[in-house]
Structure formats: structure tokens, C-alpha cells
Engineer: 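What follows is a single structure, and I will ask about it in a moment.
Chain identifiers are assigned alphabetically (A, B, ...) following the order of the sequence lines, protein sequences preceding nucleic acid strands; residue numbering begins at 1 within each chain.
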Protein chains: 2
Amino acid sequence: MNTTPPKEVLTAHQFAERAKVMKALAHPSRLMMIDALSRGERCVCDLQELIGHDISTVSKHLSVLKKAGVVTDERRGKQVYYRLKVPCILNFFHCVESVIEANNG
Amino acid sequence: MNTTPPKEVLTAHQFAERAKVMKALAHPSRLMMIDALSRGERCVCDLQELIGHDISTVSKHLSVLKKAGVVTDERRGKQVYYRLKVPCILNFFHCVESVIEANNG
DNA sequence: TTTTCATTTGGCATTATTGCCAAACAATGA
DNA sequence: TCATTGTTTGGCAATAATGCCAAATGAAAA
């Protein structure tokens, strides 16, 4: 009697977990921050200058990314520095670009 | 005088384009459909059985994926068959899984 | 301690997404 | 033609996401 579920069949719960991560990545400002963080850690003030929105908005975007497990933060003195926790995310954008090119081409 | 923009600096517009594609992928039902389509084309009725939602809901999810350029459709007789247009999307889920594992571990 | 600077949180209005039902459309078969 | 099957679209209510302001918190400097 086999009680181990086959690996290749995914549960609804697993798709929901994936969707949460994807959702965290599905906003232009958050993608812009991820791009910046791919070149090294940044404080919130750096990112707010980059994004140009209210600092509270930027902070909330970062908390979305943090809750999804995409970035980590560390306070040093008065500032909080964020960095990419899972850089493999960057690999995906080549593929996304190919989607965009196919759309426009 | 250099008028060619440097490749590595991305515009707000480009991040917005990427976000559109990510947004299309950021829903459990749509991820489930993509997973099914990764094993071959499916008609809307197949996918509705898989998802379990109203057929109109499933159809709208598919139109989101289609508009994002992730899938294509083809009518054959009474049925419309969908298939993955850009399979490289699948590669990303290994990375997403590693995010999820890091979150739970 | 009080002030100042950096960041987060609460609250709220605005907008976007989701999923259902009903109606419309498309293609086939009777 | 009319009926049937499969899919899409319109409309709507419920829910979620976004971004601002104001207030709160944390850490350092005066």
C-alpha cells in the first residue's frame, strides 16, 4: 500500500503558495527594487529615492517582499538595509523578456 | 555623443511590462492551468474540470494568460484548445519552490 | 532627556481583481 | 432551420491592492 503522494502532482495549497510569491513580484515598483537589490544591499531611503513614491509606500512594498521571503532586512544604526534573499529570481526575467518581445514582435 | 541607452539600465516602462506578465502568473488557478498545459494542450472544458470553478471564470483566467502572451489558443470544432506559448516560465518554479522552502524551513 | 532622523504602522479613499450568473457567440448536428 | 454543446462577454457584488497622510517606533545625537 503506497501512501507517498507522487511528486509531480501538486496540491491546490502548493499552487496557492507559489501564487503568493508571484504576487509579491507582480508590481513595477517592487520589480524595480529587486533590480536595485540585485546590485547590492540598499537602505529604504535609497529605494525611496529610486521609486519616487512616499516613503511609507516604499516601506510597505518592502514588507510585501519580506513577507514573501524574497528579501531580508537588517537594521544598522538608524537605517534599515534590505537585500535579496533569493537571487535566482533574477534568472526569470530573461524569460519574461522573451514573453514581452514575443508580444511586441 | 552617445545616444544609445545603456542596456543594464531599465526604464519604468520596462518594469511595468514585466509586472504585467508577473501579474498574469500570480494566481493559484492560473498556475494550476499552466502546470496542466506544461504537459500538453487542453481545452477549456478540461481546465474547468481541473480548476472546479465556473466555466466563465476559467475562460477569463485564460484570457488573462493569453493577453499576457503566456498561452495561445486555437479553435478546433466546438472546442478551444490552449497551450503554453513560452515554456521557459516553468523553469522559474524551481526558484519559487526554494523561496517557499526557505520560508517554511 | 529631548531632539532629530529613518522607518514602520494605522487608517482611509481609490482602484483593481475575482468569481458568479445570465446572455451572447460559434460550430456542429438533427 | 432549430437545438445542442462549448466558449466568451457583460454586469455586478465582494474582496484585495495601492498610495497617501498622520501618528508611532527605534536609534542616535545634542
Engineer: What contact category does Tyr82(B) fall into here, base, sugar-phosphate, or nothing, at under 4.0 angstrom with non-hydrogen atoms?
Structural biologist: sugar-phosphate
Engineer: Do Met22(B) and Val96(A) come within less than 4.5 Å of each other through their side chains, counting heavy atoms only?
Structural biologist: yes
Engineer: Specify the separation, in whole Å, of atom CG of Leu47(B) and atom P of dG6(D).
Structural biologist: 14 Å
Engineer: Do nucleotides 20-30 of chain D as a string where each nucleotide becomes B, S or -: B if the base has a protein heavy atom under 4.0 Å, S if just the sugar-phosphate does, - if no protein is that close.
Structural biologist: BBB---SSS--
Engineer: Of the non-hydrogen atoms in Ile51(B) and Ser29(B), which two are nearest, and what is the gap between them?
Structural biologist: CD1-O, 3.5 Å
Engineer: Please report the closest heavy-atom contact between Glu74(B) and Arg76(B), naming both atoms and the distance.
Structural biologist: OE1-NH1, 3.4 Å
Engineer: Between C1' on dT7(C) and CZ on Arg42(A), what's the gap in Å once rounded to a whole number?
Structural biologist: 18 Å
Engineer: Considering residues, nucleotides and ligands other than Glu97(B), do more than 12 of their heavy atoms fall under 6.0 Å from its CD?
Structural biologist: yes
Engineer: Would you name the heavy atoms of Cys45(B) and Gln79(B) that are closest together and state the gap between them?
Structural biologist: SG-NE2, 3.5 Å
Engineer: Would you call Asp35(A) and Leu90(A) a side-chain contact if the rule is heavy atoms closer than 4.5 Å?
Structural biologist: no
Engineer: Return the minimal non-hydrogen interatomic distance between Val80(B) and Tyr82(B), and the atom names on each side.
Structural biologist: CG1-CE1, 3.7 Å
Engineer: For Met33(A) and dT7(C), give me the distance from atom CE to atom C1', rounded to whole Å.
Structural biologist: 13 Å
Engineer: Which residue, Lys23(A) or Cys45(A), contacts DNA chain C at a nucleotide closer to its 5' end, judged by nearest heavy atom?
Structural biologist: Cys45(A)
Engineer: Looking at His61(B), does any N or O in its side chain come under 4.0 Å of the phosphate oxygens OP1/OP2 on dT17(C)?
Structural biologist: no
Engineer: Decide yes or no for Asp73(B) and Tyr81(B): does some side-chain heavy atom of the first lie under 4.5 Å from some side-chain heavy atom of the second?
Structural biologist: no
Engineer: Check DNA chain C against residues 14-22 of chain A and give the residues with a non-hydrogen atom under 4.0 Å, in numerical order.
Structural biologist: none
Engineer: When the distance from CD of Gln48(B) to C1' of dT8(D) is rounded to whole Å, what number comes out?
Structural biologist: 14 Å
Engineer: To the nearest Å, give me how far apart NZ (Lys66(B)) and C1' (dT8(D)) are.
Structural biologist: 10 Å
Engineer: What is the distance from CD of Glu74(A) to P of dT7(C), rounded to the nearest Å?
Structural biologist: 13 Å
Engineer: In whole Å, I'd like the distance from the CG atom of Asp73(B) to the P atom of dA27(C).
Structural biologist: 12 Å
Engineer: Figure out the CE/P separation between Met32(A) and dT18(D), and round it to whole Å.
Structural biologist: 14 Å
Engineer: Using side chain to side chain contact (heavy atoms under 4.5 Å, CB included) as the criterion, point out the one residue from Val71(B), Leu62(B), Val64(B) that pairs with Arg30(B).
Structural biologist: Val64(B)
